[in-house]
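Computed from a prediction, not measured in an experiment: that's the story for all the values here. Quick note: numbers below take in every heavy atom, side chains included, and nothing from hydrogens, waters or symmetry partners.
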Amino acid sequence: MWYNIDWNIFALDQILISLRKPSVSALGQIILKPLNSLYYKWYNWRIDNIYKLEHTGQICYLRGSLNDKFDPVDRRIYIGNGLLYDTQYIFTEAEEQDVWLDTEAEEDTIWLRTEAETADTGLDFIVYVPEAIYNTQLDGLKAHIDFYKAGGKRYSIFIDE
């Protein structure tokens with residue numbers, strides 16, 4: 001491709017055939033060394049940008065990019081829903097109905113789930129990461145998620161147990 005250039009071969013090709021000796025070819029490579037270094041940085045920058053363009057804020061791509069960057073071997077990072085459980089209502093408070101679910105000897109309130117488990121936490125998704133990654137690379141995780149997530153989406157990072 002047009003962007004794949006070997007500067008050592010390019011330097012050798014620009015030297016006349018009659019002058020192609022080891023010392024002259026080494027001089028040509030030394031002269032092009034700064035250009036080769038700049039090309040190497042540009043090439044890696046290009047690969048990083050193509051990777052960023054190929055990944056979006058969808059859960060499957062976000063999970064993949066997080067695992068590629070922070071846990072490439074074990075791939076233990078995953079993404080869950082913002083709500084742990086759906087809230088089940090017997091009736092709304094506005095209906096003001098009496099529902100008899102217990103006897104007088106039992107407690108008045110029956111708890112199916114705690115408020116923390118069913119409340120709207122305001123989160124769209126939760127990222128579960130291993131404790132070692134959470135303790136050492138939390139800022140990097142936040143920056144990475146903020147880069148890829150869709151605007152207006154809310155998240156939290158929890159330690160996976």
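Looking at every heavy atom in both residues, I79 comes nearest to V127 through CG1-CG2, 4.2 Å. The two atoms that bring F158 and S156 nearest to each other are CE2-OG, 3.3 Å, heavy atoms only. The shortest heavy-atom contact between D71 and R76 is OD2-N, 2.8 Å. Shown here for P130 and D160, the closest heavy-atom pair between the two residues is N-CB, 4.5 Å. Of all the heavy atoms in N81 and I126, the pair that sits closest is O-CD1, 3.5 Å. When every heavy atom of D124 is checked against every heavy atom of G152, the shortest pair comes out as OD2-O, 3.7 Å.
Side-chain contact between D68 and R75 is present, with heavy atoms from C-beta onward closer than 4.5 Å. By the 4.5 Å heavy-atom criterion applied to side chains, Q29 and W7 are not counted as neighbours.
Hydrophobic clustering (side-chain heavy atoms under 4.5 Å, transitive across Ile, Leu, Val, Met, Phe, Trp, Tyr) keeps I31 apart from Y39. By the criterion of side-chain heavy atoms lying less than 4.5 angstrom apart, applied directly or through intervening Ile, Leu, Val, Met, Phe, Trp or Tyr residues, Y78 is not grouped with Y134; the two fall into different hydrophobic clusters. Hydrophobic clustering (ILVMFWY, side-chain heavy atoms < 4.5 Å, transitive): V129 and F147 are in one cluster. If you chain together hydrophobic residues whose side chains sit under 4.5 Å apart, L35 and W42 fall into the same group. Cluster membership for I133 and F125, using ILVMFWY side-chain heavy atoms within less than 4.5 angstrom, is shared.
With rounding to the nearest 0.5 Å, the separation of NZ in K69 from CD in Q137 is 8.5 Å. Separation of atoms CG (N8) and CG (D13) is listed at 11.0 Å; rounding is to 0.5 Å. Distance check: K149 NZ to L62 CG gives 10.5 Å after rounding to the nearest 0.5 Å. For the atom pair Y148 OH and K52 NZ, the distance stands at 6.5 Å (nearest 0.5 Å). With values rounded to the nearest 0.5 angstrom, I157 atom CD1 is found 4.0 Å from I145 atom CD1.
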request  = Evaluate the side chain to side chain contact (heavy atoms under 4.5 Å, CB included) criterion for residues K142 and Y155: first the C-alpha distance (whole Å), next the side-chain angles of each, then the deciding distance (0.1 Å), finally the verdict.
outcome  = CA-CA 10 Å; K142 287 180 181 178; Y155 70 93; 3.9 Å; yes
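A donor-acceptor pair is defined here as one N or O able to donate and one able to accept, closer than 3.5 Å; such a pair exists between the side chain of R20 and the backbone of I15. A donor-acceptor contact shorter than 3.5 Å links the side chain of N67 to the backbone of R63. In terms of modelled atom types and a separation under 3.5 Å, the side chain of N36 and the main chain of L32 share no donor-acceptor contact.
Side-chain atoms of N4 and Y43 form no donor-acceptor pair, as typed in the model, at a separation below 3.5 Å.
E131 CD: 12 or fewer foreign heavy atoms inside a 6.0 Å radius.
Ring geometry for Y51 versus H55: interplanar angle of 30 to 60°, hence tilted.
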